[in-house]
Number of protein chains: 2
Amino acid sequence: MPYSAEHKKQSRERILLSAIDLFCRRGFDQISIAQIMQHAEMTHGAFYAHFSSKVSLYAEAILTAGRHSLLVRKGGDLDKEKMRYLVTEYLSMEHVRQEGYACPLAFLSTDVAHRDSEVRASYEKVFNGMVDRLAQALEATGRSLQTARAQAQYLVVTMVGTVSIARSLSDTESQKALLENSKSSLFAMLAD
Amino acid sequence: MPYSAEHKKQSRERILLSAIDLFCRRGFDQISIAQIMQHAEMTHGAFYAHFSSKVSLYAEAILTAGRHSLLVRKGGDLDKEKMRYLVTEYLSMEHVRQEGYACPLAFLSTDVAHRDSEVRASYEKVFNGMVDRLAQALEATGRSLQTARAQAQYLVVTMVGTVSIARSLSDTESQKALLENSKSSLFAMLAD
DNA sequence: GTCTATACGCCGATAGAC
DNA sequence: GTCTATCGGCGTATAGAC
């Protein structure tokens with residue numbers, strides 16, 4: 001057979017990775033299927049052998065982006081030092097400029113709010129996964145389960161808000177100042 | 001003359017108000033000029049007598065939305081009690097559901113990040129205006145200028161992040177829990 | 001200033017050959 | 001599975017009558 005199952009799997013993966021990168025960069029509506037397929041080095045028509053629609057790709061791309069994100073990628077348990085490092089990376093200009101993997105929570109928040117329930121469910125799943133992971137780490141530092149969950153949720157919300165606003169500002173210096181300011185406040189919270 | 005200057009001003013205002021409402025609800029790309037004009041009770045073709053392009057309307061709509069937003073609308077000085085009330089209103093389900101005026105910072109953040117510099121400049125202006133207003137209020141409670149500005153920025157970022165994520169979740173109970181959690185943390189900060 | 005009508009392009013999705 | 005080609009619809013912007 002000319003196309004193996006493995007080959008198909010790889011094509012699908014290339015489409016997903018291209019979609020994540022482009023959707024995060026310019027949003028759902030401003031990226032066409034043709035652009036995604038070109039980035040994945042295929043042609044427009046081949047798309048429908050892998051996904052049933054553009055929206056369905058979006059929902060799956062968000063889940064995949066969540067698995068690649070800074071907030072869940074690190075293996076093993078998170079100690080205090082790793083958490084500080086993670087916050088620093090998340091609140092960096094490299095992240096704002098999308099030089100590596102972008103967090104879909106920060107890059108797609110208002111975009112997702114306009115879509116159907118399948119897409120929103122993906123977003124919620126990514127959000128809950130990140131909160132769970134951070135809560136677990138905070139609990140390990142001696143906090144109660146309740147406190148850990150509350151602080152983890154608050155941590156994610158603030159980091160997402162910071163990066164999301166920073167990306168919308170037009171001035172680089174304002175972006176840097178915003179990131180630094182949130183970082184100090186969150187470090188203070190983590191220091192307890 | 002059949003159309004007075006006053007009449008034109010009113011038409012322009014209707015277009016702006018319709019644009020704010022619809023853009024916040026469904027984003028820039030998912031709203032057409034025809035829809036905005038229909039909402040403003042005019043026809044598609046009349047649009048270009050008031051604005052040069054859809055993007056130019058967007059930039060101006062963001063500024064207008066900023067002036068109508070919860071964070072700047074209240075007249076006079078903000079005391080501690082008014083600030084608590086303002087945070088409560090901002091972090092309410094009514095705001096998330098856009099039952100009154102929506103804050104463009106929370107509803108359009110990732111959307112604005114994909115546009116040109118004129119749109120981003122509008123967004124930045126609204127952001128700075130809100131931070132300034134809150135900083136002034138915090139300074140009046142005895143904080144240093146520096147602390148007041150830092151806390152004001154942090155306050156805006158967290159509220160925007162909270163509302164923006166809440167809008168993307170699919171479950172009402174999760175939305176409420178998120179709003180409540182951020183509210184307690186911010187109240188604690190304001191209490192000092 | 002507002003209307004109707006239309007030019008022009010882009011995009012999501014499908015059809016059919018290989 | 002991937003390609004080329006195309007259908008059908010929609011959206012921005014413009015033209016011209018009133």
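So you know, we letter chains A, B, ... as the sequences are listed, proteins then strands, and number each from 1.
Within 6.0 Å of CD in B:Gln98 there are more than 12 heavy atoms belonging to other residues, nucleotides or ligands. Around CD of B:Gln38, the count of heavy atoms belonging to other residues, nucleotides or ligands within 6.0 Å does not exceed 12. Within a 6.0 Å sphere centred on OH of A:Tyr85, other residues, nucleotides and ligands contribute 12 heavy atoms or fewer.
Rounding to whole angstrom units, CZ of residue B:Phe47 and P of D:dA15 are separated by 16 Å.
Side-chain contact annotation: B:Thr110 with A:Thr110, donor-acceptor N/O pair under 3.5 Å present. A donor and an acceptor atom, one from each side chain of B:Thr147 and B:Ser144, are located under 3.5 Å apart.
Although no hydrogens or angles enter the test, the distance criterion places a donor-acceptor pair under 3.5 Å between the side chain of A:Arg14 and the main chain of A:Ala40. Here the side chain of A:Tyr101 pairs no donor or acceptor atom with the backbone of A:Ala65 at under 3.5 angstrom.
A salt bridge does not link B:Lys54 with B:Asp29: none of the charged nitrogens is closer than 4.0 Å to a carboxylate oxygen.
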Polar atoms only, N or O, under 3.5 Å: list the protein pairs with nucleotides 4-11 of chain D and their distances.
none

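Nucleotides of DNA chain C lying under 4.0 Å from heavy atoms of chain A occupy a range whose first and last members, 5' to 3', are C:dC11 to C:dT14.
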